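For reference, the structure is listed below as structure tokens.
Nothing here was measured: the structure is a model prediction, and the numbers come from that model. Numbers here are sequence positions counted from 1.
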Amino acid sequence: MPLPQPTTEAGAAGLAAILTAPEAAVIGLDFDGTLSPIVADPAAARIHPDAPAVLVALGRLVRAVVIVTGRPVASAIEYGTAPGGLGLSDVPGLVVLGQYGVERWENHAVTAPPPPQGVALVRQALPALVAAFGDRAWVKGVWIEDKGRALAVHTRRSADPQEALAALREPLAELAEEHGLAVEPGRMVIELRSPGVDKGDALLGFLAERSAKSVMFAGDDLGDLPAFAAVRASGLPGLAVCSGSAEVGVLAERADLVVDGPAGVVKLLAALVSTISRHP
């Protein structure tokens with residue numbers, strides 16, 4: 001299959017560097033919306049069925065494959081298994097940086113600091129905050145996902161997801177500030193999480209750790225913007241890839257290459273494997 005070409009000079013230089021010396025390249029990927037299609041219930045998300053096999057092949061060719069996600073690492077690994085049994089845990093040398101880089105999965109072991117105290121306090125306060133909106137039509141369907149060290153308020157199931165987001169944005173921001181947490185907006189979700197780290201910080205740290213010479217990062221949501229910025233801030237030849245959707249236009253505007261959702265990401269990775277393999 002043909003390898004999709006970037007639309008920017010920086011992206012073209014990044015792709016060329018990856019192809020020239022894949023053994024020095026780091027390939028970074030978001031999970032939800034990038035490797036896994038977006039679904040109404042995050043617990044029902046599963047990796048694209050073709051992704052694990054492609055990532056296994058890619059992991060053998062590049063310096064490292066790293067998943068940088070807002071999910072806890074345990075759920076990314078669990079939901080990253082395809083129907084045939086092959087999964088993210090089979091990818092050679094894979095590292096998963098979860099909860100925006102706070103958690104780390106590597107060699108089947110998880111390391112993470114304890115969650116901040118504010119998470120427990122917000123956990124207690126959130127149900128009452130949502131209930132305070134009473135019988136507004138959008139309230140039904142709003143639900144809270146507990147990620148352990150973060151809490152996400154989802155509106156996708158609501159009768160009016162956008163109205164729900166607009167109504168909840170300010171009170172959730174106030175609650176987060178009161179308890180020392182950061183606010184992470186996303187696709188029909190507002191997350192309250194540990195402060196002080198984002199996907200850009202996580203990616204930059206990993207690139208330095210692995211002495212990378214080139215980088216690609218693929219994402220789909222607002223939380224991936226810092227990782228896009230990190231591709232440029234790293235000073236390395238780099239390629240920022242948007243897993244395109246109608247919900248988040250700003251990411252496509254800042255990407256070097258836009259592909260058609262998770263299926264497009266998998267096709268891009270497969271084409272990358274094929275192209276590298278033909279030119280050892």
Test Leu55 against every option in Leu86, Leu94, Leu29, Ile27 by the side chain to side chain contact (heavy atoms under 4.5 Å, CB included) rule and name the one that passes. Leu29
Pairs touching residues 254-273 that satisfy salt bridge (Lys or Arg N to Asp or Glu O under 4.0 Å), sequence neighbours left out: Arg232-Asp256
Carboxylate-amine/guanidinium proximity below 4.0 Å for Lys213 and Glu23: no
Interatomic spacing from CZ in Arg156 to CD1 in Ile38 - rounded to 0.5 Å: 6.0 Å
Within the structure provided, determine whether Val62 and Val26 are in side-chain contact (heavy-atom separation under 4.5 Å). no
Please name the pair of heavy atoms, one in Tyr100 and one in Gly70, separated by the smallest distance, quoted to 0.1 Å. CE1-CA, 3.6 Å
Is Val241 close to Met216 at the side-chain level, that is, under 4.5 Å between some pair of heavy atoms? yes
Report yes if some heavy atom in the side chain of Pro52 is under 4.5 Å from a heavy atom in the side chain of Leu88; otherwise report no. no
Is any NZ, NE, NH1 or NH2 atom of the basic residue among Lys199 and Asp30 found under 4.0 Å from an Asp or Glu carboxylate oxygen of the other? yes
Leu192 and Val122: which non-hydrogen atoms are nearest, and at how many Å? CD2-CG1, 3.7 Å
Think Arg71 forms a cation-pi with Tyr79, using NZ or CZ under 6.0 Å from the six-ring centre and within 45 degrees of its axis? no
Any carboxylate oxygen within less than 4.0 angstrom of a Lys/Arg side-chain nitrogen, looking at Arg136 and Glu163? no
Indicate yes or no: at least one non-hydrogen side-chain atom of Val265 is less than 4.5 angstrom from one of Asp220. no
Taking atom CD of Glu106 as the centre, report whether more than 12 heavy atoms of other residues, nucleotides or ligands fall under 6.0 Å from it. yes
Is Val142 close to Val153 at the side-chain level, that is, under 4.5 Å between some pair of heavy atoms? yes
Can you check whether Val95 reaches Leu97 side chain to side chain, under 4.5 Å on heavy atoms? yes
Sub-4.5 Å side-chain heavy-atom contact between Gln5 and Leu15: yes
Determine yes or no for a side-chain-to-main-chain donor-acceptor pair under 3.5 angstrom, with Glu145 supplying the side chain and Ala152 the backbone. no
Any side-chain heavy atom of Ile190 within less than 4.5 Å of one from His154? no
Residues Arg104, Glu209: salt bridge by 4.0 Å N-O rule: yes
